[in-house]
Amino acid sequence: MDDPRSLDGRGWWAWRQRRGMSAAALIVLLALGALGYLRLGVGSDSAASPGKPPPDTAAHSGSQPNTGSQPNTVALTDSQLQMVDVGTVSEYTFPLQREAVGNIDFNEDMETQVYPPYQGRIVQLFAKLGDNVTKGQILFTIESPDLIQAESSLIAAAGVLDLTSKTLARARQLHDVQGIADKDLEQAVSDQQTAEGALRAARDGVVVFGKSEAEIDRLVRTRTIDPHLVVLSPVSGRVTARNAAPGVFVQPGNTPAPYSVADISRIWLNASVTESDMPLVKKGQLVRVDVMAFPGRSFEGRISTVGATVDPQLHRGLVRAEIEDPKHELLPGMFAAFVIVTGEPIKAPAMPLDGVVREGDGTMTVWVTPDGHHFTQRTVQLGLQHGGYDQVIDGVRVGERVVVKGAIILDNMVNGGES
């Protein structure tokens, strides 16, 4: 190689051109080599051995079940089948009914507030709270000044009648012997008739106090006053309230009434029905009632009243049924569970509750199998629910084989527990 120091000006310039071209060529060669190396490295990473997945893919596939070509299909081994039960979609009868809670109460239409007909002071009580009484039975007695006045008028009228009757008898005797004039006889007759009318009015005045004809006759005969007014039960039933006590002054219409008597052979069942169920409830519908006092036994009645309003805070309305209770077994205040029959029962395909899975998006799914080993997830539409079964409106047919227990296990296998 020439020594640049021995070259003249033109030669030295030519030497620099040759050296520059060699350096440029060397740079190009180095760049091409580096590019080839990178291509070779990428190709070697992607060219994995046939059938061997990348490390991440291999780790993921090891935790997956034996699935088919569809993401909602799974095939189970014999050991995995032990975790699920397979059955057949059958037809089930679903009653059309609504449930509510409430309580037993007196039939207020057959409950009577017992007041004395006149004011007075209570003397004696004959019935206690909870006693069964019959119509006409004595509840209590009062000492009534009005009764005393009426009996006094009766005794006085009876005395006047006796006097006028004797006067008339003497007048007739004298008239027969012409001892008195005709006008005197006529006056005696008029006085006697007036006395008879006054006695009848006085007797009626005592009758309104509850005295019998025999008692009135005794008063007239003995000329004695009985100041005790007897208050009788107007109906047969049970004493549901007693606000009376000896010595208490009572008046007609002043609350509270001394006694309340209710006919408990027919009682009320008051149910509190949700606002959404109120349009379905109609008068005359059958009601079955269960109470804790009689487990395993139901009482039946018919709806008699549907409330016209809904409580704005509870969003519930009153529904009342009536029931015959001749043995007086149901007591007012008992808690009761109501089942209101709103229509005729319907028959439809049904699935056990354990065979239906609610997905994260709110859809309902079941697992269908044609052979007992391969299972396909299918979306269904549900309706009523009763007795541990869901009504299937759409999605499966009667006779199809489905998972009836353990469906959630298959769902977790496919969705990784995200349902």
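Residues that satisfy the salt bridge (Lys or Arg N to Asp or Glu O under 4.0 Å) test with Asp162, not counting sequence neighbours, are Arg223. Listed by chain and residue number, Glu329 satisfy the salt bridge (Lys or Arg N to Asp or Glu O under 4.0 Å) test with Arg297 (two or more places apart in sequence, or in another chain). For Glu99, there are no salt bridge (Lys or Arg N to Asp or Glu O under 4.0 Å) partners two or more places apart in sequence or in a different chain. Under the salt bridge (Lys or Arg N to Asp or Glu O under 4.0 Å) criterion, Lys128 pairs with Asp131, not counting sequence neighbours.
Here the side chain of Asp277 pairs no donor or acceptor atom with the backbone of Arg98 at under 3.5 angstrom. Using a distance-only test at 3.5 Å, with no hydrogens or angles considered, a donor-acceptor pair links the side chain of Ser212 to the main chain of Glu215. Thr222 contributes a side-chain N or O that, together with a main-chain N or O of Arg218, makes up a donor-acceptor pair within less than 3.5 Å. Side-chain atoms of Asp263 do not come within 3.5 Å of backbone N or O of Gly237 as any donor-acceptor pair. A donor-acceptor distance shorter than 3.5 angstrom exists from the side chain of Thr342 to the backbone of Leu96, with no hydrogens or angles considered. In this structure, the side chain of Ser144 engages the main chain of Gln119 through a donor-acceptor pair within 3.5 Å.
Between Pro234 and Thr112, the shortest heavy-atom contact is CG-CG2, 3.6 Å. Tyr118 and Phe209 get closest at one heavy-atom pair: CD1-CE2, 3.0 Å. For the residue pair Gly372 and Thr369, the shortest heavy atom distance occurs at N-OG1, 2.7 Å. The shortest non-hydrogen separation linking Asn107 to Ile267 is CB-CA, 4.2 Å. Nearest heavy atoms, Pro258 versus Val250: CG-CG1, 4.0 Å. Considering every non-hydrogen atom in both Val291 and Phe335, the closest pair reads CG1-O, 3.7 Å.
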Give the table of side-chain donor-acceptor pairs shorter than 3.5 Å for residues 82-92, with sequence neighbours excluded, one pair per line with atom names and distance.
unit_1	atom_1	unit_2	atom_2	d
Tyr92	OH	His386	ND1	3.3

In residues 302-318, what donor-acceptor pairs under 3.5 Å come from side-chain atoms, sequence neighbours left out?
unit_1	atom_1	unit_2	atom_2	d
Arg302	NH1	Gly284	O	3.0
Ser304	OG	Arg320	O	3.3
Asp311	OD1	Gln313	N	2.8
Asp311	OD1	Leu314	N	3.0
His315	ND1	Glu275	OE1	2.9
His315	NE2	Pro312	O	3.4
Arg316	NH1	Ser272	O	2.8

Which donor-acceptor pairs under 3.5 Å do the side chains of residues 197-205 make with protein atoms, sequence neighbours left out?
unit_1	atom_1	unit_2	atom_2	d
Arg203	NH1	Asp217	OD1	3.0
Arg203	NH2	Glu213	OE1	2.6
Arg203	NH2	Asp217	OD1	2.9

Kindly list each side-chain donor-acceptor pair under 3.5 angstrom involving residues 225-233, sequence neighbours excluded, with atom names and distances?
unit_1	atom_1	unit_2	atom_2	d
Asp226	OD1	His228	N	3.3
Asp226	OD2	Lys211	NZ	2.9
Ser233	OG	Val235	O	2.6

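In this structure, Arg266 and Asp109 have side chains that are not in contact, with every pair of non-hydrogen atoms separated by 4.5 Å or more. A heavy-atom distance below 4.5 Å is found between the side chains of His373 and Asp78. Side-chain contact between Met351 and Val366 is present, with at least one heavy-atom pair separated by less than 4.5 Å. Looking at heavy atoms from C-beta onward, Leu139 lies out of side-chain contact with Phe126 at the 4.5 angstrom threshold. Residues Ile142 and Leu147 fail the side-chain proximity criterion, which asks for heavy atoms closer than 4.5 Å. Residues Leu384 and Ile346 form a side-chain contact, since some pair of their non-hydrogen atoms from C-beta on lies under 4.5 Å apart. In this structure, the side chains of Thr376 and Val74 stay at 4.5 Å or more apart for every pair of heavy atoms. Here the side chains of Tyr389 and Pro352 are in contact, with some heavy-atom distance below 4.5 Å.
Sorted by first and then second residue, the salt bridge (charged side-chain N to carboxylate O under 4.0 Å, His left out) pairs with a member in residues 175-191 form an empty list; sequence neighbours excluded. Each salt bridge (charged side-chain N to carboxylate O under 4.0 Å, His left out) pair with one or both residues in residues 132-150, not counting sequence neighbours, would appear here, but there are none. The salt bridge (charged side-chain N to carboxylate O under 4.0 Å, His left out) contacts involving residues 395-408 comprise Arg378-Glu400, where partners must be two or more places apart or lie in separate chains. Applying the salt bridge (charged side-chain N to carboxylate O under 4.0 Å, His left out) test to every pair with at least one member in residues 332-341, sequence neighbours left out, gives no pairs at all.
Around atom CD of Glu344, no more than 12 heavy atoms belonging to other residues, nucleotides or ligands sit under 6.0 Å away.
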Notebook entry, point to check: Could you go step by step and tell me if Glu111 and Asp105 meet the side-chain contact (heavy atoms from CB on, under 4.5 Å) rule?
Noted result: CA-CA 11 Å; Glu111 186 175 24; Asp105 198 3; over 6 Å; no
Margin query: For a side-chain contact (heavy atoms from CB on, under 4.5 Å) check, start with the C-alpha distance between Thr365 and Val380, then their side-chain angles and the critical distance, and finish with the verdict.
Written below: CA-CA 6 Å; Thr365 62; Val380 294; 5.9 Å; no
Note to self: Test side-chain contact (heavy atoms from CB on, under 4.5 Å) on Ile264 and Asn132; report intermediate values, then the result.
What the structure shows: CA-CA 10 Å; Ile264 58 175; Asn132 292 325; 4.2 Å; yes
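At a cut-off of 3.5 Å, with distance as the only test, a side-chain donor of Ser260 or Gln113 sits close to an acceptor on the other residue.
Electrostatic pairing of Arg288 and Glu300 does not count as a salt bridge here, judged by no charged N lying under 4.0 Å from a carboxylate O.
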